[in-house]
Amino acid sequence: MVATSSPAAHPGPVGSTEAIRLQLRSWPEVDAYLQRCKGVIVPLGSTEQHGPTGAIGTDALTAEAVALEVGRRTGVLVTPAQAFGMAEHHLGFAGTMSLQPATLLAVMHDLVMSLARHGFERVYVINGHGGNIATTRAAFAQAYGTAAARGLPNATDLRCKLANWFMAPEAIGLARELYGDREGHHATPSEIAITLQLEPSLEAKQRPLPEPAPAGPIHGPEDFRRRHPDGRMGSDPSLATAEHGARFLEVAATALAADLERFLAEPAG
Ligand code: NI
């Protein structure tokens with residue numbers, strides 16, 4: 001197979017997600033993939049409370065599901081999910097497991113550098129948690145510096161992009177249509193809907209909930225719990241259904257697959 005000069009070349013849609021899961025590939029298969037595509041998708045989530053009825057793994061489950069569907073549609077490899085994120089403000093609730101910002105920065109930097117070393121030049125992070133955004137951007141900035149300092153042959157071609165599925169205009173529009181201002185800002189019905197679609201056992205937790213505490217500034221874990229006693233920020237996750245979840249997956253995957261295609265087509269440095 002002849003190497004292409006542009007990272008735009010990619011394998012195209014595949015029938016199942018099995019074909020694009022890095023976990024299930026051998027190293028010779030990854031080598032062969034790199035001869036035709038320099039793109040890779042990294043799902044990034046969080047393991048944190050999602051209100052009294054939402055799963056602790058919501059952000060990791062949703063990010064991975066969107067990533068696998070984007071991978072299936074584009075043929076771009078998907079790495080295992082980074083299931084732990086920056087969730088310091090959720091530590092007042094049982095089950096939350098958080099990385100400090102400096103730790104997450106180091107983790108994302110090291111993952112990008114591992115991929116860049118093998119020749120990946122387009123690292124597309126599909127994120128499910130707002131608290132990861134600032135730190136992940138900082139990790140990208142640090143990785144560019146490291147790639148240059150280490151003299152990687154592809155240092156000037158390395159590009160990283162953060163894609164927050166819940167901030168895609170199409171996903172925001174669907175949430176507004178279905179839930180209005182009951183979407184809220186944390187433990188939202190849109191993200192809970194996707195988890196219901198993925199994991200039917202979560203339906204058993206769904207029940208009507210009292211009026212949520214409104215969204216407000218975010219400080220430390222004790223302050224968060226005082227302001228948001230049941231963990232929700234202005235949201236009504238009881239409105240979520242599995243059928244809605246299928247629609248959110250569809251619109252998010254469509255928007256991000258198109259965004260990924262544009263990212264892959266950006267000319268190399
Ligand atoms: Ni979430």
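Note that ligands are numbered from 1 as they come in the structure, with each ligand's atoms numbered from 1 the same way.
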### Task
Could you list the residues that satisfy side-chain hydrogen bond (donor to acceptor under 3.5 Å, both in side chains) with R176, not counting sequence neighbours?
none
### Query
Parallel, tilted or perpendicular: which fits the ring planes of H129 and H90, with parallel below 30° and perpendicular above 60°?
tilted
### Task
Give the C-alpha distance, both sets of side-chain angles, the deciding distance and a yes or no for side chain to side chain contact (heavy atoms under 4.5 Å, CB included) between L34 and H118.
CA-CA 8 Å; L34 276 162; H118 307 309; 4.1 Å; yes
#### Entry: N, O or S atoms of the protein lying under 2.8 Å from the Ni ion (ligand 1)
H50 NE2, D59 OD1, E191 OE1
Listing, residues 134-145 side-chain donor-acceptor contacts under 3.5 Å, not counting sequence neighbours, or none:
from : atom 1 : to   : atom 2 : distance (Å)
T136 : OG1    : N132 : O      : 2.7
Y144 : OH     : C160 : N      : 2.8
Y144 : OH     : C160 : O      : 3.4

### Message
For H50, give me all partners under side-chain contact (heavy atoms from CB on, under 4.5 Å), at least two apart in sequence or on another chain.
### Response
E48, T58, D59, H186, A187, E191, I192
### Task
Assess R225 against F93: is NZ or CZ under 6.0 Å from the centre of the six-membered ring, and within 45 degrees of the ring's axis?
yes
